Every structure is written in C-alpha cells, then in structure tokens.
Amino acid sequence: MSESHNEVDISKLTFEQLKKIRAYLGKLIEAGGSDLHVKSNSIIRARINGTIIPFSGSILAYEDAMTLTKEILRGRYAELVEKKEVDLVYQFDEKTRFRVNIFFQTDGPSAVFRVIPMDIPTFEKMKYPEVMRSFTKEERGLILVTGVTGSGKSTTLAAMINEINYRDKRHIITIEDPIEFVHKDRGCIINQRSVGQDTLSFDRALRAALREDPDIILVGEMRDRETVELALHAADTGHLVFSTLHTIDAKETINRIVAMFPTEEQNRVRLSLATVLKGIISQRLIPTINNKRVAAFEILVKTPTIEKLILENRDYEIRDTIEKGREYYKSQSFDQHILDIYNEGLITREKAKDYATSASDLELKMSGLNASKTHDENGQIIKKEKAQTSEEDIFDLKR
C-alpha cells in the first residue's frame with residue numbers, strides 16, 4: 001500500500017459504519033452472546049451459546065469494511081497496515097467493553113469483537129469448586145488455568161485475583177494482552193500492564209516484575225519457552241504465579257510445558273515444574289438442555305504422588321491419580337465432573353460423552369445406579385423437581 005493509505009484524516013470520517021456496528025454490538029449484548037464477527041464481503045455473524053449464527057441480512061462491502069477499520073483505529077490505522085493485525089479494547093458503554101482484533105484476510109479487513117463484562121466475577125457468583133479458592137491462599141508456586149479459546153480462562157483468573165484483592169494485603173502485577181477485567185485496589189495494590197501499550201512483551205515484563213516487589217504475578221499466557229522459564233523461576237523464588245495455556249487437560253499441560261524445551265533440558269524442567277506446581281484448572285464449556293452452557297472442570301491438586309509422576313515422566317498415570325484423590329484432596333477429572341453435571345439433569349447423555357475425556361469410560365459410569373436418578377434407560381432427562389436447577393446455577397463463561 002502507498003504511504004497515503006496509511007494516513008487517516010479523522011475530520012473526514014462520518015462514523016456511520018461504526019454506528020451500525022454498535023447497533024450489532026448492542027444486539028449481541030442483549031442476546032447474551034460472546035463474539036461479533038465482522039468480515040469484508042460477508043454478512044455480520046455472532047457467537048451465542050457457543051454457536052455462530054447470522055446477525056445481518058446484508059453484505060458488508062469492502063469499502064465499508066475499510067472505512068470501519070479507520071473509524072475504529074483512527075491514528076492506529078497505520079499500525080494495521082504495517083502489522084496486518086491489531087489488538088485493542090473498545091469501550092461500548094459504562095458496563096461493557098470489547099476485546100477487538102482487526103486483521104486483513106483475502107477479502108479485505110475483518111474484525112472480531114469479544115465481550116468483556118465490567119463486573120469482576122466472584123467465586124460466589126460463578127459457583128466454582130471450593131478447592132479452587134484454596135489455590136488463592138497459596139503463598140508461592142505456580143497455578144495454571146487451561147482450556148481452548150473461549151472456555152473461560154480469563155474469567156476464572158479474574159475471579160481468583162478478585163478473591164485475593166478483597167481478602168489480602170499484597171502486591172499483584174498482571175501482564176495481559178490486552179487487559180480484559182480492570183481491577184481496582186482494595187486490600188491489594190494491583191498494577192496491570194498491557195503488552196504493546198505498557199510493555200513490549202510478556203517475557204520482558206515478567207523479567208521486570210521480579211524487580212518490582214511483587215507477591216503475585218499473573219502472566220496472561222505462557223506463549224514461549226522464555227516466558228515459561230521466567231514463570232518457573234518466579235514461582236521458585238517465592239512468588240505466587242498465575243498463568244494460562246491452551247491445553248485440553250492437566251496431563252497435556254505438563255507435556256506441553258516440558259516439550260517447549262530441548263530434550264537435554266527436559267529433566268531439569270520436570271524437576272522445576274514438579275517442585276513449584278500447586279495446581280492446574282482445566283475448563284470445558286458444555287451446552288445445556290436449555291441452550292446455555294455449563295463449565296466442567298478438571299482440577300489437579302499437587303500431591304506427593306503427582307510430584308513423583310511428573311518427575312518420573314509418568315504423565316499417563318495423572319488422570320487416574322486425580323480421580324483417586326477426589327475424596328481426600330478434592331481433585332477431580334473432567335469425566336467425574338461431567339458425570340456430576342449429567343446426574344443433575346443439566347446436560348444430555350450425548351453432550352456428556354462428546355465432552356468427556358474418555359467417552360467409553362463415562363458411558364459405563366452413566367449406566368450405573370447414579371445416572372438412573374435423573375435419566376431414564378435411554379439417557380433422557382426425567383422431569384423431576386429434584387433434578388431442576390435454577391438459571392443462577394448455570395453460568396456462561398464468555399471469555
């Protein structure tokens with residue numbers, strides 16, 4: 001593109017395209033959706049309860065899409081031209097912000113708007129398993145929250161930081177890309193840094209954080225080996241570190257971290273991880289019978305046995321160990337929690353198996369006596385008052 005294409009004369013913008021998109025964003029909020037997809041030469045679409053649906057009947061022309069990017073980015077339009085994608089946070093109103101990624105694709109510019117609620121989630125509202133609260137009381141170590149994109153990792157981390165903020169008097173530094181939930185100082189001092197705006201990279205900010213007298217460090221995502229190395233070091237030197245990974249369960253999380261390093265370093269990394277790890281929370285969102293979504297959690301609590309399995313590269317035994325520790329340590333596998341959700345009458349037999357780690361094992365458990373309390377022999381939900389759950393018990397993690 002020529003240099004003139006990089007420059008935006010704000011005085012010539014009418015912001016008509018942005019007004020149209022704001023109407024769709026309002027419609028998305030009203031519908032309880034999580035994402036708005038805006039694509040050049042295509043219709044507007046939205047993700048509601050995990051499913052993408054049409055939101056407009058008309059095509060967004062290439063010229064209108066280009067104008068929209070200029071109206072949103074203004075002075076940052078040149079950055080989009082140079083880098084081909086830009087992250088930002090768009091303030092919709094006093095209650096709602098959007099995390100926005102604008103990027104070029106074959107047909108022109110596209111944008112994805114993801115809802116960021118202004119209200120900080122709490123343990124009480126989200127009804128998290130109580131063992132997750134115990135992780136916020138650790139003095140040092142590493143807590144990981146994992147799951148696919150959109151499974152609720154940011155929401156869970158925000159709730160954990162909020163819990164600490166109201167209960168303790170500590171210094172918390174967060175490194176995020178971008179900042180989603182904005183925390184105000186309560187009992188704690190909270191310094192939130194946005195990659196790109198307040199710091200150049202995760203590893204650079206994490207290295208600096210060690211010189212900023214933190215008690216707790218939140219790293220939005222452990223994307224590379226250097227960030228993982230620094231996070232392990234921070235946890236080993238007396239800090240409590242929270243972070244996320246895009247992994248499907250506890251076993252894969254450990255494998256992914258170790259695999260980031262060369263073979264000759266993997267034993268050292270296993271030793272470090274086995275020493276500092278305190279817990280892993282993995283999340284999956286499952287569609288419910290009333291077209292909402294409910295979160296299923298796999299929770300690994302570090303025990304002497306788990307530590308030994310990590311050290312000895314016996315990751316294949318981790319899931320069984322998690323299940324065996326449920327009564328004493330309050331750990332749980334996905335299949336254990338999914339079975340609970342199924343027995344409460346919130347999800348169908350098919351959805352339970354779709355989201356299980358081992359569908360065949362879960363099938364056997366669902367065929368037992370426990371499943372018969374709320375489901376008939378065909379797996380259909382029995383309409384009993386006992387099996388009913390209020391909407392407040394079903395929460396939709398949009399992040």
Side-chain angles (χ1 to χ4, degrees), residues 123 131-146 153 156-177 179 183 185-193 195 198-199 201-245 250 253-254 256-258 260-261 265-281 299-311 329-331:
F123 269 72
V131 66
M132 288 169 56
R133 195 191 302 269
S134 69
F135 291 149
T136 70
K137 298 177 182 178
E138 295 285 352
E139 291 294 321
R140 62 188 62 83
L142 178 65
I143 308 292
L144 297 173
V145 180
T146 82
K153 299 185 294 295
T156 297
L157 283 176
M160 298 178 91
I161 294 299
N162 187 64
E163 178 79 6
I164 296 168
N165 190 22
Y166 275 88
R167 186 188 64 224
D168 301 335
K169 292 178 173 60
R170 306 172 83 177
H171 179 203
I172 301 172
I173 295 176
T174 78
I175 307 162
E176 304 169 74
D177 183 20
I179 293 170
H183 298 270
D185 293 355
R186 303 298 181 184
C188 296
I189 303 170
I190 303 182
N191 284 301
Q192 295 184 259
R193 306 191 69 193
V195 174
D198 307 312
T199 182
S201 64
F202 278 110
D203 60 280
R204 187 183 181 97
L206 184 49
R207 191 178 290 106
L210 296 176
R211 301 188 296 271
E212 294 161 357
D213 187 35
D215 298 296
I216 297 165
I217 304 171
L218 184 152
V219 183
E221 185 181 346
M222 296 205 297
R223 295 178 177 175
D224 52 52
R225 190 172 72 189
E226 188 170 9
T227 303
V228 171
E229 186 83 78
L230 287 166
L232 291 173
H233 175 68
D236 192 41
T237 53
H239 305 89
L240 180 59
V241 179
F242 293 92
S243 193
T244 72
L245 280 167
T253 300
I254 293 166
R256 178 74 58 83
I257 291 173
V258 174
M260 286 184 181
F261 294 81
E265 294 185 41
Q266 290 183 0
N267 285 337
R268 173 185 65 82
V269 174
R270 282 191 174 276
L271 174 60
S272 179
L273 185 59
T275 301
V276 304
L277 183 67
K278 296 296 183 180
I280 299 174
I281 302 163
I299 302 175
L300 177 149
V301 179
K302 205 275 283 290
T303 65
T305 301
I306 291 290
E307 182 173 354
K308 184 178 180 181
L309 295 179
I310 296 173
L311 280 171
Y329 295 108
K330 308 305 179 186
S331 59

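The figures that follow rest on heavy atoms only: side chains count, while hydrogens, waters and symmetry mates do not. Since this is a predicted model, take the numbers as computed values, not measurements. Positions are given from 1, in the same order as the sequence printed here.
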Of the non-hydrogen atoms in Ala159 and Phe123, which two are nearest, and what is the gap between them? O-CE1, 3.7 Å
Within the 4.5 Å heavy-atom criterion, are Val228 and Leu230 side-chain neighbours or not? no
Suppose the criterion is side chain to side chain donor-acceptor pair (under 3.5 Å): which pairs have a residue in residues 205-219, not counting sequence neighbours? Arg207-Glu226
Is the backbone N or O of Leu232 less than 3.5 Å from a side-chain atom of Ser272, with the two atoms forming a donor-acceptor pair by type? no
Just so I know, are the side chains of Val145 and Leu245 near enough to count as touching, which here means a heavy-atom distance under 4.5 Å? no
To the nearest 0.5 Å, tell me how far Ile172 CD1 sits from Asn162 CG. 9.5 Å
If we ignore hydrogens and angles and just use 3.5 Å, is the side chain of Lys302 paired with the main-chain N or O of Thr275 as donor and acceptor? yes
What verdict does the side chain to side chain contact (heavy atoms under 4.5 Å, CB included) test give for Ile306 and Val301, after you've listed the backbone C-alpha separation in whole Å, the side-chain angles of each residue and the deciding distance to 0.1 Å? CA-CA 8 Å; Ile306 291 290; Val301 179; over 6 Å; no
Decide yes or no for Phe202 and Asp224: does some side-chain heavy atom of the first lie under 4.5 Å from some side-chain heavy atom of the second? no
Rounded to the nearest 0.5 Å, what separates atom CD in Glu307 from atom CZ in Arg270? 13.0 Å
What one should report as the nearest heavy-atom pair of Phe261 and Glu229 is CE2-OE1, 3.4 Å
Do Leu210 and Ile217 touch side chain to side chain, with heavy atoms closer than 4.5 Å? yes
For Val195 and Ser201, which heavy atoms make the closest approach, and how far apart are they? CG1-CA, 4.0 Å
Salt bridge Glu163-Lys137, side-chain N to carboxylate O under 4.0 Å: no
Just by distance, no angles: are the side chains of Arg140 and Thr237 close enough, under 3.5 Å, to form a donor-acceptor pair? no
In the structure I gave you, are the side-chain heavy atoms of Glu139 and Arg170 within less than 4.5 Å of one another anywhere? yes
Please report the C-alpha distance between Arg167 and Thr136 in whole Å, then the side-chain angles of each, then the deciding distance to 0.1 Å, and finally whether the side-chain hydrogen bond (donor to acceptor under 3.5 Å, both in side chains) criterion is met. CA-CA 10 Å; Arg167 186 188 64 224; Thr136 70; 3.0 Å; yes
Give a yes or no on whether the backbone of Asp198 and the side-chain of Arg193 come within a donor-acceptor separation of less than 3.5 Å. yes
Please report the interatomic distance OG1(Thr146) to CD1(Ile281), rounded to the nearest 0.5 Å. 9.0 Å
Is a side-chain donor or acceptor of His239 paired with a backbone partner of Ile216 at a separation under 3.5 angstrom? no
pair Leu311-Leu271: side-chain heavy atoms closer than 4.5 Å: yes
In this structure, OG1 of Thr174 is separated from CG of Leu218 (nearest 0.5 Å) by 6.0 Å
Nearest atoms (heavy-atom pairs only) where Ala231 meets Val241: O-CG2, 3.9 Å
Is there a donor-acceptor contact under 3.5 Å from the side chain of Asn191 to the main chain of Ile173? no
Taking C-beta and beyond as the side chain, do Cys188 and His171 meet within less than 4.5 Å on heavy atoms? no
For residues Ser243 and Gly220, report the shortest heavy-atom separation together with the two atoms involved. OG-C, 4.5 Å
If you measure from NE2 on His183 to CD1 on Ile164, what distance do you get to the nearest 0.5 Å? 9.5 Å
Does atom NE2 (His233) have a neighbourhood of more than 12 heavy atoms from anything else shown, all under 6.0 Å? no
Rounded distance (nearest 0.5 Å) linking atom CD1 of Ile280 with atom CD1 of Ile299: 11.5 Å
Whether Glu176 side chain and Gln192 backbone form a donor-acceptor pair below 3.5 Å: no
Heavy-atom side-chain contact between Phe242 and Leu144 under 4.5 Å: no
